[in-house]
Protein chains: 2
Amino acid sequence: MSRVSDPSARPSRAEQRRNTEARILGQARRLFAESGYDRTTIRAVATAADVDPGLVMHYFRSKEELFARATEGGPPSLPGGTPEQIAEQLLDVLRGSLADEPVESLAVLRSMLTHPEAAHEAREASRIQRDQISEAIPDDQADLRAGLISAVLIGVVLGRHLIKLDPLADADPDQIVEILRPSIRSLTKADD
Amino acid sequence: MSRVSDPSARPSRAEQRRNTEARILGQARRLFAESGYDRTTIRAVATAADVDPGLVMHYFRSKEELFARATEGGPPSLPGGTPEQIAEQLLDVLRGSLADEPVESLAVLRSMLTHPEAAHEAREASRIQRDQISEAIPDDQADLRAGLISAVLIGVVLGRHLIKLDPLADADPDQIVEILRPSIRSLTKADD
DNA sequence: TGACTGATTCAACGACTGTAGAACGAGATG
DNA sequence: CATCTCGTTCTACAGTCGTTGAATCAGTCA
């Protein structure tokens, strides 16, 4: 018998723990993305994961740590290149974020305005992305331009998935990307 | 003796009530903008306004109504005109929102991701602005373009005042507006 | 088998919240 | 002056939350 998962066998102790932990993390992500940090109770996560609240506390030591574990993982790294290439890469990432709901990111985004720790994570993610972008922009305003790109993209994803602004929530991702292309390109260009 | 406020006299009953109510509303706005709906307690508002929590409940009948009263007032109405003029009007509004903190708006923005009622207000404000903008854009995608402008502007104000993204939080408003001008213009143009 | 470990549950505490209602006290009114 | 109004405070309730520690129950292993 192998020590790794065998669908036909009863899961081992360690396996079962990993399963339960993953189930809790998944539901936590979902609920954090849906309702934000404050309104997501440990009891609700436990219920959704079909588990006792005490168990959540036993695995993750606090609600804070549960949130940290549920939202770890930074922004996607951009290959880099010319300003035009960077713009296309950003638009590709955006297209992906519009097409399906990036639950992990949404959990951070949903909570960043009301939970200081989430705000810190958001700033950190934005800083990383900003550095990647500004590296490719030949301008003394590069950092500011890159920061503005972050803000713009956050606004669009926010408007679609979280605030659900009317035409934006249901529009075709490709169409949105096409409309935004000139804007993003103008922000990476620097000569205006 | 006049019935309206006389600085040298002890305020009348009605005056005193208006004063207290205004003081509560001001502190409520400030705290809602600072901490969002959930984390702003009626007790905290009362303490900040130097008043008993019960009084807040007596004037405004619930926390919900207090929030509604503290955040009433929609987006600024745009004069309208050509797409280029609309773009400039939007940039002017943005400049103002960047220069000083628009406490009322920030109260809504801060809470819109975690408080359904605030989300509704934000959608409503965005819808009004969207209609004003799309009216001036000659395109079948006008609504979507206008919605995207809303999202972009929300993202920028959010990034500056609430998330405090690094270069964005302290940058010169005029500089930000200059950088964003091509983007906003491209979004109002429709021919790309 | 029997001792042990660890996954899981149960019951409870203390803190905080929005809210309700009684009570007080000073200005308005006759 | 007497009565009433109303701004204001005090006290308390019921619910929810994060968190804790003991208890339970099933694998694991000597």
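Predicted model only: the values in this text are computed from it and were never measured. Protein chains get the first letters and strands the later ones, always in sequence-line order, with residue 1 at the start of each.
Taking the nucleotide of DNA chain C with the nearest heavy atom to each of A:Tyr59 and A:Arg43, the more 5' of the two is matched to A:Tyr59.
Salt-bridge check for A:Arg69 with A:Glu65: failed, with every basic side-chain N at 4.0 Å or more from each acidic carboxylate O.
Of the candidates D:dT8, C:dT8, D:dT19, the closest approach to any side-chain atom of A:Leu55 belongs to C:dT8. Picking from D:dT8, C:dG18, D:dC17 the nucleotide with the shortest atom distance to the side chain of B:Ile42 gives C:dG18. Taking the side chain of A:Gln16 as heavy atoms from C-beta on, and the options D:dG7, D:dC10, C:dT8, the nearest nucleotide is C:dT8.
In this structure, A:Phe60 reaches neither bases nor backbone, as no heavy-atom distance under 4.0 Å exists between it and the strands shown.
The interatomic distance linking B:Glu15 (CD) with D:dG7 (C1') rounds to 14 Å, in whole Å. In this structure, the CZ atom of B:Arg39 is 15 Å from the P atom of D:dC17, given to the nearest Å. Protein atom CZ of A:Arg18 is 11 Å distant from nucleotide atom P of C:dA7, rounded to whole Å. One can place CE of A:Met57 at 20 Å from P of C:dG6, the figure rounded to the nearest angstrom. Taking atom NE2 of residue B:His58 and atom C1' of nucleotide D:dC10, one finds them 15 Å apart after rounding to whole Å. Rounded to whole Å, the distance from CG on B:Asp52 to C1' on D:dT11 is 10 Å. To the nearest angstrom, P of D:dG21 lies 12 Å from CZ of A:Arg61. For B:Glu64 and C:dT17, the CD to C1' distance is 15 Å, given to the nearest whole Å.
Within a 6.0 Å radius of CD in B:Glu135, other residues, nucleotides and ligands contribute 12 heavy atoms or fewer.
Of the residues A:Val45, A:Thr71, A:Val103, the one that meets the side chain to side chain contact (heavy atoms under 4.5 Å, CB included) test with A:Arg29 is A:Val103.
Between A:Thr41 and D:dT16 there is no side-chain N or O to OP1 or OP2 distance below 4.0 Å.
When all heavy atoms are compared, the tightest approach of B:Ser97 to B:Val157 is CB-CG2, 4.1 Å.
Note on A:Phe60: it clusters hydrophobically with A:Leu31, by side-chain heavy-atom contacts below 4.5 Å among ILVMFWY residues.
Between the side chain of A:Arg17 and the base of C:dG6 there is no donor-acceptor pair of N/O atoms closer than 3.5 Å.
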